[in-house]
Participant: 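Following this message is one structure expressed as structure tokens.
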Amino acid sequence: LLEATVSSLEPIILRQLEVSQVSFEQDLRKVLEVYLKHLHTYVQRIARNDFTGLDPINVLEQEWLFIRRLVPQIRRGMSNVGRRFCIFAQGFVQNTSNFLESGLDDCTTELHNLDQSEDLDRDVLPVYRSFCTLFEKVRERSSKAIGFARMLRKEMQIAADFTRLPSCD
């Protein structure tokens, strides 16, 4: 009697478990989306220098190390996270470009505003230093952004190769 009861309830229990699993996976994807939105906002604030002393690339690298351990348990998680982190990397390259353009505009404005005085060399030296400082910062930012993009590309390629492996069934 017990065995007949259990066998009659088994399909019902299995359906309920399946529904619960699907619901749980949907909740995980929603949590992942919220996490990525908050991470995007946080990184943007760091990039705008709201948090001095923090480097947005370092923050993203740490978050990448954290999130890549979790996303294999979420269906299509790696592709969503990879796409979003690629957008972050693209944003850093664009921010570096904007930083360079605005810095060049500032330096050239300073250069054009110089008076035609007797000691032009003395007046040009601070502008020259501004150019040098600008290019050093741009080099540092672009190196970090490119390094992050390369690391991301390498790890996404490894993940893509891993998912293409034949199953062992």
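Side chains are part of it too, since the values below use all heavy atoms of this structure and drop only hydrogens, waters and symmetry mates.
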Participant: From K30 NZ over to I74 CD1, what is the distance, rounded to the nearest 0.5 angstrom?
Facilitator: 13.5 Å
Participant: For G77 and V71, which heavy atoms make the closest approach, and how far apart are they?
Facilitator: C-CB, 3.9 Å
Participant: Output the distance between atom OG (S142) and atom CG (N95), rounded to the nearest 0.5 Å.
Facilitator: 13.0 Å
Participant: Got a second to check how far Q44's CD is from L39's CG, nearest 0.5 Å?
Facilitator: 10.0 Å
Participant: CG of L104 to OG1 of T109: how many Å apart, nearest 0.5 Å?
Facilitator: 10.5 Å
Participant: Do any pairs count as a ring-ring contact (aromatic ring centres under 6.0 Å, His included) and have a residue in residues 70-110, sequence neighbours left out, and if so which ones?
Facilitator: H40-F88, W64-F85, F85-F88
Participant: What salt bridge (Lys or Arg N to Asp or Glu O under 4.0 Å) pairs are there with at least one residue in residues 83-97, not counting sequence neighbours?
Facilitator: E33-R84
Participant: Does any pair with a residue in residues 61-70 pass salt bridge (Lys or Arg N to Asp or Glu O under 4.0 Å), and if so which ones, sequence neighbours excluded?
Facilitator: R68-E155
Participant: Run the side-chain contact (heavy atoms from CB on, under 4.5 Å) test against A149 and tell me which residues pass, sequence neighbours left out.
Facilitator: A89
Participant: Are a donor atom and an acceptor atom from the side chains of Q94 and N98 found within less than 3.5 Å of each other?
Facilitator: yes
Participant: Please examine the side chains of L152 and L60, heavy atoms only from C-beta on, and report whether any two atoms are closer than 4.5 Å.
Facilitator: no
Participant: Between L111 and V138, is there a shared hydrophobic cluster once you connect ILVMFWY residues whose side-chain heavy atoms come closer than 4.5 Å?
Facilitator: yes
Participant: When clusters are formed by joining ILVMFWY residues with side-chain heavy atoms under 4.5 Å apart, either directly or through shared neighbours, do F66 and L36 land in the same one?
Facilitator: yes
Participant: Does K144 reach the side chain of D55, with side-chain heavy atoms less than 4.5 Å apart?
Facilitator: yes
Participant: Drop me the distance from I146's CD1 to M151's CE, to the nearest 0.5 angstrom.
Facilitator: 14.0 Å
Participant: Kindly state each residue pair satisfying salt bridge (Lys or Arg N to Asp or Glu O under 4.0 Å) with at least one member in residues 96-114, sequence neighbours excluded.
Facilitator: none
Participant: Indicate, with yes or no, if L70 and F24 share a hydrophobic cluster defined by side-chain heavy-atom contacts under 4.5 Å among Ile, Leu, Val, Met, Phe, Trp and Tyr.
Facilitator: yes
Participant: May I ask you to test the T41-K37 pair for a side-chain heavy-atom distance under 4.5 Å?
Facilitator: no
Participant: Would a single hydrophobic cluster contain both V43 and Y35, if residues Ile, Leu, Val, Met, Phe, Trp and Tyr are joined by side-chain heavy-atom contacts under 4.5 Å?
Facilitator: yes
Participant: Starting at OG of S79, measure out to CE of M156 and round the result to the nearest 0.5 Å.
Facilitator: 7.0 Å
Participant: Name each donor-acceptor pair under 3.5 Å that joins a side chain in residues 124-137 to protein atoms two or more places apart or in another chain, with its distance.
Facilitator:
residue, atom, partner, partner atom, Å
S130, OG, P126, O, 3.1
T133, OG1, R129, O, 2.9

